[in-house]
Amino acid sequence: MKRRFWRKLMAACIMIAFLYTFIAGAVFAFKNSQIMQAELMNQRRAFAEQARTRLDMKLNVAFNYVNQLRLKQEILAYARETEMDYYVITNVFNELKANMNAFTNIGYQIDLVRQGLDLVITPYATMSREQYYGFMGFDEKTESWFEEFERSGALPSTAMVRYERDENTDLEGYGGPVPRGPLLTFVRHEVLVNGEGIIVVISFHENQFLPELGSPQEYYGLLYDGEWITSQRMKEGELAEGEEVLAGLQDNARYAEFKLEDRQMYAAKSSALGKLHYVYSVPVSPWSGNLGMLLRSVSLFYAGLLLLGILLSLLLTNKLYKPVRGAVGFFRGEDDAQPTDEFAFIRESAARIQEANDSLQEMLSHNRLPLRKKFMRDLLLGLLPAGQAEAGFKRHDLDWLSGPSVAVVLEFLEKKLGEEDYPLETMLEIKSHALRIVMEHLEAYGPGDSVELDHSHYAILLKEAGSGSLKKLLLEAVAGVEDRFDIRITAVTGQPVSSGDCLKESYQSAAGLLEQRLVHDKHPVITFEERGYSQGLGYYYPLDMERELTVCVLQGKPAEATELFDRIWEENASRSPASEETLQLFMYAVITTINRIFHHLNKPASEVFPEGLQFNQLLRGSGQPEELRRQLRSRLQQIAASIRERSREQDNSLGFQMMGYMHEHYRFDMSLTDMAAHFNLSPNYISQLIKEQTGESFKDYLSEYRIKRAKQIMDEHADMKINDVAGMVGWNNANTFIRAFKKHEGITPGQYRQGEQREE
């Protein structure tokens, strides 16, 4: 029988190992191929997008600087003079040189060619056209193209050309760097604001302009107006013509991915230059080919895995059969015959063991709790037989319960804390520490012991010695637990009883008070003697007054918070009788409120009070009510002032950000709603912050700032049209600009310009 069962186990294990190896290997190869393809596609897509962004950034930097040159006085003077003024030429040269030094990392240079003149200004030197052609390494074809473009006179227009720079070109005489291969050149006709024309030549080193590629099979090229420009081209016939690539951008899309023959193309339209397209090309590799390669590469792994599976099957079979053989040998007696059905024999033996185990479990569950704790629980719940209480007191060293006693019930109110923030083991440990703190405070009252009722309720059995001191000790204990662990506890004392065998009555009275949620939600400690609190006994601290005090502090209102605290204090001081103990109980309640305020702020008290709250030292120190009142009042005031100061700092920082945003975007059509969407705030709140920062509304301040900028533009460009000035400062309608200008300045823009001219 052994061999037959062993063979079945062996065959099953080998089959499982074979199926697992085959399925796992195939799934691994297929999924790995898919993952590799997806990662490769994402990498290539990200490379194409990043390359487009970097190239557009370089072009935008260069074109933006050209747009700035159109407004500079040196360029206007250079284009306006009919004769060469070397002072003006020097200023233009210095401007171009400073810009090239500032943007060295972008790797471009800007040259100026005045139409009809032989002089060319570069960042390295001024030179004649013949010298400039040699400096740039133009061949005859490029020179002819450049002169033809100049003669066309189309304004404005942009053209692009690529040419191989002669590696032997000597630039040291011009102060230029060592040549770095082909150049990509953009030639633009520019119309200046004074109506004059000038040619701007923007040149990039191709190896510095284009992105670096990872393998020889990858190619990155530029298409300008349907023609290839860059040198990173495939061999003749391996890359499609420019029209075929542009056809992949259907409906003039800005980005497209498509296949041409056996290559994957990533084409993107430049946002800086409409006729320019970036093309990234890689060979296409089908996933089936990758899967076959993966299968071939892991074939040896498959063979090794199968061999390993067979060996493991042999070991597993022996391992699985060993318990069967051992179980039969264990249950068999010396005189018992060899069983014919081993599994039937094992089932019968297991049934006998289960029956014995059930009996043992029943006995263990009855005696699971320590006898002392079980006795205390049965005493509180009234489960002890009559007359056995005194014997239990002696047997469990609880003789102090023979006289007057009292029961205290503790309830942990932070249920969510235990369920979400901490695991069960951690929460049980926290509750154990909290219970230890409470018992340490109650040592001054007399002997006692505790027992767990459920996961959130504990009972404390004490020798009764006076309810007043007991409540004070419980308040200190609750405040210490909340300060250390940031969890809330409610403590309820029951009715004192004459002896420990009547503690059931004390426990039931405490549990009844605990069920009155409106009472213990207000106060952390409730005594049985204060069940008549609503008739005027105890201190004055209603729930609505506590909430109002908490709100004043959290809203950063120190004056209102201290005024409300003084009002509550005076009410307690004027109550009859106003004992010192009553005022101290009230102060314990206020301390609990302060701890809950920090809990609501989700921040430690050390951020406001580096030396700590020190409530325990304060209460055990002087004990003078007025000093305690001053300390509590001062702490409430400091917390509220800290919250108000933090709120003001946040508002001021946000206000400066909004002012900067307005100064940066005043040229565009901007509204209060646009700013609200940008800062993710409400329009009313933004309007209020701007009013606090400037003393004016959003609309008035924006108009005033735009008019200020318009005056600067008119001072610098006396011949600029009013329509152009209005557009440059954010007004699409010249009439609206004129009305706003007259409202703020008292005169029209034309009158302002005439006044400036008369002053000159």
Side-chain angles (χ1 to χ4, degrees), residues 61-103 108-133 135-136 146-147 149-159 174-176 185-203 667 708-729 749-750 752-760:
V61 169
F63 292 162
N64 287 339
Y65 177 71
V66 171
N67 291 332
Q68 295 176 13
L69 286 177
R70 297 174 62 250
L71 302 177
K72 291 188 176 293
Q73 296 296 330
E74 297 87 351
I75 307 301
L76 297 176
Y78 172 65
R80 184 170 54 244
E81 295 293 335
T82 58
E83 297 180 358
M84 288 191 295
D85 186 341
Y86 289 100
Y87 174 78
V88 174
I89 293 173
T90 301
N91 289 337
V92 174
F93 166 75
N94 291 333
E95 173 67 25
L96 296 180
K97 184 176 182 180
N99 172 72
M100 186 187 69
N101 293 334
F103 294 94
Y108 75 91
Q109 70 178 51
I110 294 180
D111 310 322
L112 298 181
V113 181
R114 183 173 167 184
Q115 293 175 325
L117 292 183
D118 188 55
L119 180 67
V120 180
I121 304 177
T122 73
Y124 304 107
T126 59
M127 58 192 73
S128 65
R129 292 205 180 201
E130 181 177 357
Q131 293 174 326
Y132 179 71
Y133 293 156
F135 167 77
M136 295 296 290
F146 184 88
E147 293 174 357
F149 180 83
E150 179 183 8
R151 286 193 297 270
S152 65
L155 295 174
S157 64
T158 302
Y174 304 105
T185 300
F186 298 85
V187 184
R188 301 184 63 173
H189 284 290
E190 292 289 342
V191 179
L192 305 181
V193 294
N194 58 6
E196 299 292 338
I198 196 169
I199 295 179
V200 180
V201 181
I202 307 171
S203 300
R667 301 180 183 87
K708 176 181 177 181
R709 301 296 298 176
K711 291 166 61 178
Q712 293 178 357
I713 293 175
M714 288 190 292
D715 292 343
E716 296 175 359
H717 309 287
D719 54 349
M720 184 178 291
K721 296 181 180 179
I722 299 298
N723 288 342
D724 295 338
V725 175
M728 293 180 67
V729 296
Y752 173 81
R753 176 172 289 173
Q754 292 176 2
E756 291 293 323
Q757 293 175 353
R758 285 195 299 270
E759 291 179 3
E760 292 178 358

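- Remark: Phe93 pairs with no residue by the ring-ring contact (aromatic ring centres under 6.0 Å, His included) rule, at least two apart or across chains.
- The closest side-chain heavy-atom distance from Leu119 to Tyr78 is below 4.5 Å.
- A parallel orientation is assigned to the rings of Phe149 and His189, their planes being inclined by less than 30° (bins at 30° and 60°).
- Under the side chain to side chain donor-acceptor pair (under 3.5 Å) rule, Tyr132 has a single partner from Asp111, Thr122, Thr126, which is Asp111.
- Using a 4.5 Å heavy-atom threshold, the side chains of Leu96 and Leu69 count as touching.
- The backbone N or O of Glu95 sits nowhere less than 3.5 Å from a side-chain atom of Asn99 that would complete a donor-acceptor pair.
- Annotation: ring-ring contact (aromatic ring centres under 6.0 Å, His included) contacts of Tyr108 (sequence neighbours excluded): Phe204.
- Atoms CE and CZ, on Met728 and Arg709 in that order, are 9.0 Å from each other to the nearest 0.5 Å.
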Pair Val200-Leu112, side chain to side chain contact (heavy atoms under 4.5 Å, CB included): steps then yes or no:
CA-CA 5 Å; Val200 180; Leu112 298 181; 3.7 Å; yes
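- Rounding to the nearest 0.5 Å places OH of Tyr133 at 9.5 Å from OG of Ser128.
- Judged by distance alone, with hydrogens and angles left aside, the side-chain atoms of Gln73 form a donor-acceptor pair with the main-chain N or O of Glu716 at under 3.5 Å.
- When every heavy atom of Ser203 is checked against every heavy atom of Thr185, the shortest pair comes out as OG-OG1, 3.4 Å.
- In this structure, Pro123 and Ile110 approach most closely via the heavy-atom pair CD-O, 3.3 Å.
- Arg753 approaches His717 most closely through the heavy-atom pair NH2-O, 3.8 Å.
- To the nearest 0.5 angstrom, Tyr87 atom OH is 4.5 Å from Asn91 atom CG.
- Other residues, nucleotides and ligands place more than 12 heavy atoms under 6.0 Å from the CD atom of Glu147.
- Contact check on Glu190 versus Arg188 returns a salt bridge, with a Lys/Arg side-chain nitrogen under 4.0 Å from an Asp/Glu carboxylate oxygen.
- A side-chain N or O of Tyr752 and one of Asp715 form a donor-acceptor pair less than 3.5 Å apart.
- In this structure the side chain of Met714 reaches within 4.5 angstrom of the side chain of Ile722, judged on heavy atoms.
- Listed for the Arg129 side chain is a donor-acceptor partner under 3.5 Å among the backbone atoms of Leu117.
- One distance of note links CG of Asp719 with CG of Leu76; it measures 8.0 Å at 0.5 Å rounding.
- Put simply, CG on Asp118 and CD on Gln131 are 8.5 Å apart, with the number rounded to the nearest 0.5 Å.
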